[in-house]
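The structure appears right after this line, and notes come after that.
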Amino acid sequence: AAAAAAAAGGAEEEGDSQASQILAKIDAQAAKVRALKSGKAPAEEVDPAVQALLALKQEYKTLTGEDPPASTGAKGPKKSAADKAASQKFELKTPKGMRDYKPAEMSIRQRVFGTITEVFKRHGAVTIETPVMELKATLTGKYGEDSKLIYDVADQGGEMLALRYDLTVPFARFVAQNKIKRIKRYHIARVYRRDNPSMIRGRYREFYQCDIDFAGTFAPLVPDAECVAIVSSILTELEMGEFVIKVNHRKVLDGMFAVCGVPQDKFRTISSSVDKLDKEEWAVVRAEMVDEKQLPGDVADRIGEYVKLNGGKELVEQLKLDARLYGNASAKEGLDDMSKLLHYCEVLGVSGRVRFDCSLARGLDYYTGVIYEAVLTGSVVGSVAGGGRYDNLVGMFDSAGTQVPCVGVSIGIERLFAILLARAEESKMKIRESETEVMVLSGEKGLCEERLRLCSELWAAGIRAEGAFNKADDKLLSQLQACEEALVPFAVIIGSTELQNGVVAIRTVATREQITVSRQQLPATLRSMLTAAPAPAP
């Protein structure tokens, strides 16, 4: 969608600098520990030094997602490149900012993906797919100061390629290339950013985005408000707690910059500075405007008076009374749009979650109208969704310059997952890793084939079943305990007596109640029981 909610926070250079500082401290502390040990210092001196070293290593791992490299403090004879390569150990690890997911983690992720997809479909969206790589020229010049985070790919047969940075620009290319005039699409896929990762904040170099976009002509501001409602539904259904959806308008920002005295050619770069106010104090942002971007101090101060404002419809009306601001054509159009957007949010029943925030800027260059960002109240993960209107992006890819107005939103799946996983770990709740509905068991030896045959019958009936085939001599009690551990709701038990009589036993694992039914009745009976039983939580 119109933004990468999962991205945000910290430039790579800053993160690398911080990581380098921690590595220097690790080297210094390691040298101290070596000195204490070689001097045979008492344990009461050595132990605190070792603990301090371990704490620094953990701090580095929390920041970067990987273990610190071997200490560089001890200097030895200089090795040749060949010697270094020969002496290096192969380390099994994922690339920086990328990770594996275990079955329990994937269970939570699939639930989140399923909830998001259901909300998208509820609003009538269809899905598409685009390549993970685009021509570099497709992505260049679309992301402002964040363009440095694009992953370039080595020359592939004469084509300069790059990994997609988000799903919005590829979608705009898709619309232009296929001459689409109107579509409401959702897309859930991986994107890549050469950002500084922070695992605890849910920020990675490879991550999923979950986008929904409206392309084409719709009633003014209706799809914009619908995007706000979609975000509200997803965060509510995932039980993410209290949240606020901040909204603003690029034309309000541009009008504000104009009346404050910002030169037009600095609108985007000053907007990029304002976008940092969710992470930095005003004094830091002001210093960037004045010292780095050469904006006069009095102009920056006038901007500061506006960006501290936030509220609802009453704020829009207050700003309309500002004759200088409302007299600017861009600001007037933006404020009139905000009135209509907030009205539609009331109609959709989500106005209680929405706040008009004059500091919201969203740094991407392609926005042209309404912008929004969802933030969990009291959370450290930052924004969990973001987007906006981008009416001119499709025209950049069309040879005739034909414009297709677009608006959309992106859900920050990785940040939501980080919160839900931490919540599950804190509660120590058992997570159901598989969706197996029935386990086929037997306490007797020699019935492997019969259990396989019974599994085949259940699979043919559309029932998710598996047999407990760990060992040929597994005791029935062990098999039942495995069912309980895996949160499988039902067990089907067979033995020689059941085979002789053409019946099976169905056991409800949670209550340990058991009934006997004929083999022919088994699929229908299980379907009925599965329908009546509440599904175990993932």
Side-chain angles (χ1 to χ4, degrees), residues 102-119 121-122 236-239 420-421 423-424 427-538:
K102 298 174 184 176
E105 295 170 328
M106 283 304 301
S107 178
I108 296 175
R109 287 175 72 81
Q110 291 300 329
R111 178 172 71 87
V112 176
F113 283 134
T115 298
I116 293 171
T117 300
E118 172 55 33
V119 173
K121 288 181 176 181
R122 194 184 304 160
T236 300
E237 292 180 27
L238 288 175
E239 300 179 339
L420 292 173
L421 179 61
R423 191 182 294 171
S427 67
K428 292 183 169 49
M429 75 174 185
K430 192 178 292 185
I431 298 172
R432 189 183 183 197
E433 296 181 359
S434 82
E435 296 186 18
T436 301
E437 296 169 321
V438 178
M439 193 77 81
V440 179
L441 314 178
S442 177
E444 300 179 22
K445 296 181 180 180
L447 293 181
C448 179
E449 290 182 6
E450 290 301 330
R451 287 158 69 182
L452 282 171
R453 189 173 289 113
L454 190 48
C455 282
S456 180
E457 291 172 10
L458 294 175
W459 294 332
I463 294 171
R464 296 168 180 168
E466 63 173 301
F469 300 109
N470 297 337
K471 297 179 186 174
D473 60 347
D474 262 356
K475 294 180 180 178
L476 183 59
L477 178 60
S478 299
Q479 297 173 45
L480 288 169
Q481 287 173 340
C483 288
E484 292 181 358
E485 285 295 317
L487 301 179
V488 178
F490 298 103
V492 171
I493 305 170
I494 58 170
S496 53
T497 302
E498 285 82 7
L499 286 171
Q500 188 175 2
N501 295 330
V503 298
V504 295
I506 303 176
R507 182 184 179 97
T508 302
V509 175
T511 64
R512 303 185 180 182
E513 295 174 351
Q514 195 163 300
I515 61 172
T516 300
V517 299
S518 70
R519 187 78 166 252
Q520 291 76 18
Q521 293 176 321
L522 177 61
T525 303
L526 278 173
R527 276 196 293 266
S528 176
M529 294 174 74
L530 286 165
T531 301

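All values below were derived from every heavy atom in this structure, side-chain atoms included, with hydrogens, water molecules and symmetry-related copies excluded. Predicted model only: the values in this text are computed from it and were never measured.
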Heavy-atom side-chain proximity of Leu522 to Leu458 below 4.5 angstrom: yes
Rounded distance [0.5 Å steps], CD1 in Ile108 versus CG in Leu420: 6.5 Å
With sequence neighbours excluded, residues passing salt bridge (charged side-chain N to carboxylate O under 4.0 Å, His left out) with Glu105: Arg99
CA sep, side-chain torsions, deciding dist, call: Val509, Leu480, side chain to side chain contact (heavy atoms under 4.5 Å, CB included): CA-CA 8 Å; Val509 175; Leu480 288 169; 5.6 Å; no
Residues in side chain to side chain contact (heavy atoms under 4.5 Å, CB included) contact with Ala104, at least two apart in sequence or another chain: Ile431, Glu433
For Glu237, all residues meeting side chain to side chain donor-acceptor pair (under 3.5 Å), sequence neighbours excluded: Arg122
Rounded distance (nearest 0.5 Å) linking atom OG of Ser442 with atom CG of Leu476: 7.5 Å
All side chain to side chain donor-acceptor pair (under 3.5 Å) counterparts of Gln110, not counting sequence neighbours: none
Test side chain to side chain contact (heavy atoms under 4.5 Å, CB included) applied to Ser478 - qualifying residues, sequence neighbours left out: Lys475
pair Thr508-Met529: side-chain heavy atoms closer than 4.5 Å: yes
Contacts of type side chain to side chain contact (heavy atoms under 4.5 Å, CB included), residue Thr516, not counting sequence neighbours: Val503
Listed partners of Arg453 passing salt bridge (charged side-chain N to carboxylate O under 4.0 Å, His left out), at least two apart: Glu450
ring-ring contact (aromatic ring centres under 6.0 Å, His included) against Phe113, all qualifying residues, sequence neighbours excluded: Tyr208
Distance in Å, Ile506 CD1 paired with Phe490 CZ, rounded so as to fall on 0.5 Å steps: 8.0 Å
Partner set under side chain to side chain contact (heavy atoms under 4.5 Å, CB included) for Thr436, not counting sequence neighbours: Ser434, Glu466, Val488
Pair listing, salt bridge (charged side-chain N to carboxylate O under 4.0 Å, His left out) test, anchored in residues 518-527, at least two apart: Glu457-Arg519
Test item: Ser528 and Gln521 side chains (from C-beta on) under 4.5 Å apart, heavy atoms: no
Salt bridge (charged side-chain N to carboxylate O under 4.0 Å, His left out) contacts in which one or both residues fall within residues 491-518, not counting sequence neighbours: Glu484-Arg512
Residues which pass side chain to side chain donor-acceptor pair (under 3.5 Å) with Ser496, listed by chain and number, not counting sequence neighbours: Glu444
